[in-house]
2 protein chains.
Amino acid sequence: MESVWTRPPRRPKAPGLDRAQIVREAMALLDAEGLDALSMRRLGGRLNAGATSLYWHVATKDELLELVLDEVYGEFRAHDSEHGGWREVMLGFAYAMRDSLIRHAWAIPLIGTRPAIGPQALRVMSRLTNTFDQAGFEGFDTEYATAVVLSYVLGAVAPEAAWKTMTVRGGGDAQAVRAAMRPLLAEAAAGHPDLLARFDSYEHEDPAVLRALSFDFGLGCVLDGLAARLDRQATGSRPSSARPAGKESPAS
Amino acid sequence: MESVWTRPPRRPKAPGLDRAQIVREAMALLDAEGLDALSMRRLGGRLNAGATSLYWHVATKDELLELVLDEVYGEFRAHDSEHGGWREVMLGFAYAMRDSLIRHAWAIPLIGTRPAIGPQALRVMSRLTNTFDQAGFEGFDTEYATAVVLSYVLGAVAPEAAWKTMTVRGGGDAQAVRAAMRPLLAEAAAGHPDLLARFDSYEHEDPAVLRALSFDFGLGCVLDGLAARLDRQATGSRPSSARPAGKESPAS
DNA sequence: ACCTGAACACCGTTCAAGT
DNA sequence: ACCTGAACACCGTTCAAGT
């Protein structure tokens with residue numbers, strides 16, 4: 001027997017998947033359960049769709065990851081200020097990038113693994129290079145300056161995020177993780193008593209504060225180094241290098 | 001019918017797996033085919049063993065990855081010099097770390113994702129902190145200094161390795177990758193003509209040289225920033241921060 | 001144009017069983 | 001002590017078929 005009622009209505013559940021919705025749901029899943037938990041099947045399930053339906057909107061899982069990664073780049077400029085000198089802009093950017101990457105720790109293995117050429121990534125690049133351009137950097141130094149800021153923040157946040165992932169897995173208690181790690185480290189650091197002493201000296205410090213201070217210290221180094229190069233350039237000194245000034249040609 | 005000849009000899013193939021051998025073979029596979037290509041089954045096959053045999057020596061695939069990662073840390077001190085000031089030591093270290101990470105690009109998503117507490121990682125940490133300690137850094141600044149060097153190198157090498165992976169996949173021709181990327185970038189950078197102009201300005205430069213210069217520039221910034229902090233500390237100035245000197249309390 | 005299910009060729013890991 | 005095979009519960013992706 002046939003009837004309107006036996007035949008299911010045209011589209012019972014979601015009013016059609018689209019790319020934005022898929023990306024949004026993927027991010028939610030990633031934030032909640034991490035990189036390993038994202039599978040096309042699970043994601044499909046969350047969207048009331050077959051796993052394979054996603055392949056209409058997205059060529060491959062890897063492509064989906066590029067999309068969510070670009071979304072993260074979009075957050076990097078969330079709370080940075082437009083005004084102030086280049087140093088203020090970079091400070092604001094660096095902290096925004098740090099916050100975002102800590103919030104989306106799963107993004108860290110993705111960033112740097114695939115090229116940053118999504119629209120949001122390009123916006124970020126454009127903003128930073130223009131800032132350094134206006135600050136007075138010339139030629140390739142403008143890109144190098146951009147690169148060092150991005151590199152530092154990425155590299156600094158990576159261990160922070162790893163630590164966060166571990167504490168979340170371990171039940172959220174930072175002190176417990178510390179306690180669990182201590183004997184492990186004690187054994188491994190048998191030949192390095194200095195390391196153990198240092199580790200113990202953290203005992204009564206708030207780890208979150210230490211990490212923030214460490215980030216700030218490193219960021220300060222980078223920005224000071226950039227300022228020094230800007231000065232030298234303005235006063236027409238020699239081009240800069242990692243070797244200390246005056247030692248470029250080690251008089252043989 | 002039974003006989004010595006019908007019964008296979010005690011151990012026909014490998015004289016027994018061991019952890020070192022497994023780790024070595026895993027690294028060979030990773031170097032040759034990348035992170036995605038490493039599976040317990042494939043690795044077992046390469047060792048003339050059942051995939052599940054590996055689980056006697058290694059609790060889990062993740063644990064195996066920790067082992068190979070620590071091996072990479074071991075290479076970081078391959079060609080750095082013992083003598084010279086802290087700056088020379090850090091230069092040598094940074095370049096050794098860069099070389100090693102570019103050679104083992106698969107290690108980049110692993111590093112920072114899991115804690116660096118293997119024996120080789122601890123050796124590296126110990127060496128760097130001791131160097132900064134002797135250089136005159138005090139208290140937590142010693143660890144912060146170590147952290148900024150490690151962070152910078154890691155963050156700087158990540159995109160380099162990504163680029164290398166892409167060119168290897170694309171057949172090894174750097175210029176071809178550039179050519180393939182240009183239209184892609186042209187479309188994406190519609191709203192950012194400055195970016196496209198910059199990209200085109202690389203045209204006649206050797207990408208390897210540009211990357212090396214970029215690395216050197218950033219490393220110089222970091223080391224200069226550290227040197228400045230060391231000076232300030234020696235002369236008893238205020239503790240350092242990412243904010244520029246004299247702007248710590250923005251007089252409201 | 002968009003979605004589905006079945007199917008293919010893989011995974012990591014467990015475990016009882018062998019030597 | 002060390003290794004194996006079968007088995008479980010997953011993967012990403014393809015593709016002919018549906019609406």
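In what follows, chains are A, B, ... by sequence order, proteins preceding strands, each numbered from 1.
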Check for a donor-acceptor pair, side chain of A:Ser53 on one end and backbone N or O of A:Ala49 on the other, with a separation under 3.5 Å.
no
Output the pairing pattern of DNA chain D as a dot-bracket string, 5' first, Watson-Crick or G-U wobble with both distances under 3.5 Å, | for cross-strand pairs, [ ] for crossing pairs.
||.|||||...|||||.||
Between A:Phe215 and A:Tyr152, is the ring pair (Phe, Tyr, Trp, His ring centres under 6.0 Å) condition met? List the steps.
CA-CA 9 Å; A:Phe215 183 75; A:Tyr152 170 68; 5.7 Å; yes
Any salt bridge between B:Glu203 and B:Arg182, counting N to O under 4.0 Å?
no
Can any side-chain N or O of B:Glu33 pair as donor or acceptor with the backbone N or O of B:Leu29 at less than 3.5 Å?
no
Which nucleotides of nucleotides 5-10 of chain C have their base under 4.0 Å from a protein heavy atom (B), which only their sugar-phosphate (S), and which neither (-), written as one string 5' to 3'?
BBB---
Taken to the nearest whole Å, CG/A:Asp36 to P/D:dC11 is 11 Å
Which whole-number value in Å describes the distance from B:Ile22 CD1 to D:dC3 P?
8 Å
Whole-Å distance, B:Leu17 CG to D:dC2 P, equals 11 Å
Taking atom CG of A:Asp70 and atom CZ of A:Arg123, what is their separation to the nearest 0.5 Å?
10.5 Å
Taking 4.0 angstrom as the limit, do B:Glu66 and B:Arg114 come out as a salt bridge?
no
In whole Å, I'd like the distance from the CG atom of B:Leu47 to the C1' atom of D:dC2.
15 Å
Separation of D:dC2 atom P from B:Asn48 atom CG, nearest Å, is 19 Å
Regarding A:Leu38, tell me which of base, sugar-phosphate or nothing describes its non-hydrogen contacts under 4.0 Å with the strands shown.
sugar-phosphate
Spacing between A:Gln21 atom CD and C:dC3 atom P, to the nearest angstrom:
9 Å
Rounded off to whole Å, could you give me the CZ-to-P distance for the B:Arg19 and D:dC2 pair?
12 Å
Say you draw a straight line from CG of A:Leu110 to CG of A:Leu65; how long is it, rounded to the nearest 0.5 Å?
5.5 Å
Below 4.0 angstrom, N of the basic side chain to O of the carboxylate: do B:Arg211 and B:Glu160 qualify?
yes
Mind telling me whether A:Phe76 and A:Phe93 have parallel, tilted or perpendicular rings, with 30° and 60° as the class edges?
perpendicular
So if I take residues 56-65 of chain A and measure heavy-atom distances to DNA chain D, which residues fall below 4.0 Å?
A:Thr60, A:Lys61
Can you tell me how far P of D:dA1 sits from CG of B:Asp18, to the nearest Å?
17 Å
Cation-pi, B:Phe199 ring and B:Arg178 (6.0 angstrom, 45 degrees):
yes
Could you go step by step and tell me if B:Tyr144 and A:Leu210 meet the side chain to side chain contact (heavy atoms under 4.5 Å, CB included) rule?
CA-CA 9 Å; B:Tyr144 298 162; A:Leu210 284 184; 3.5 Å; yes
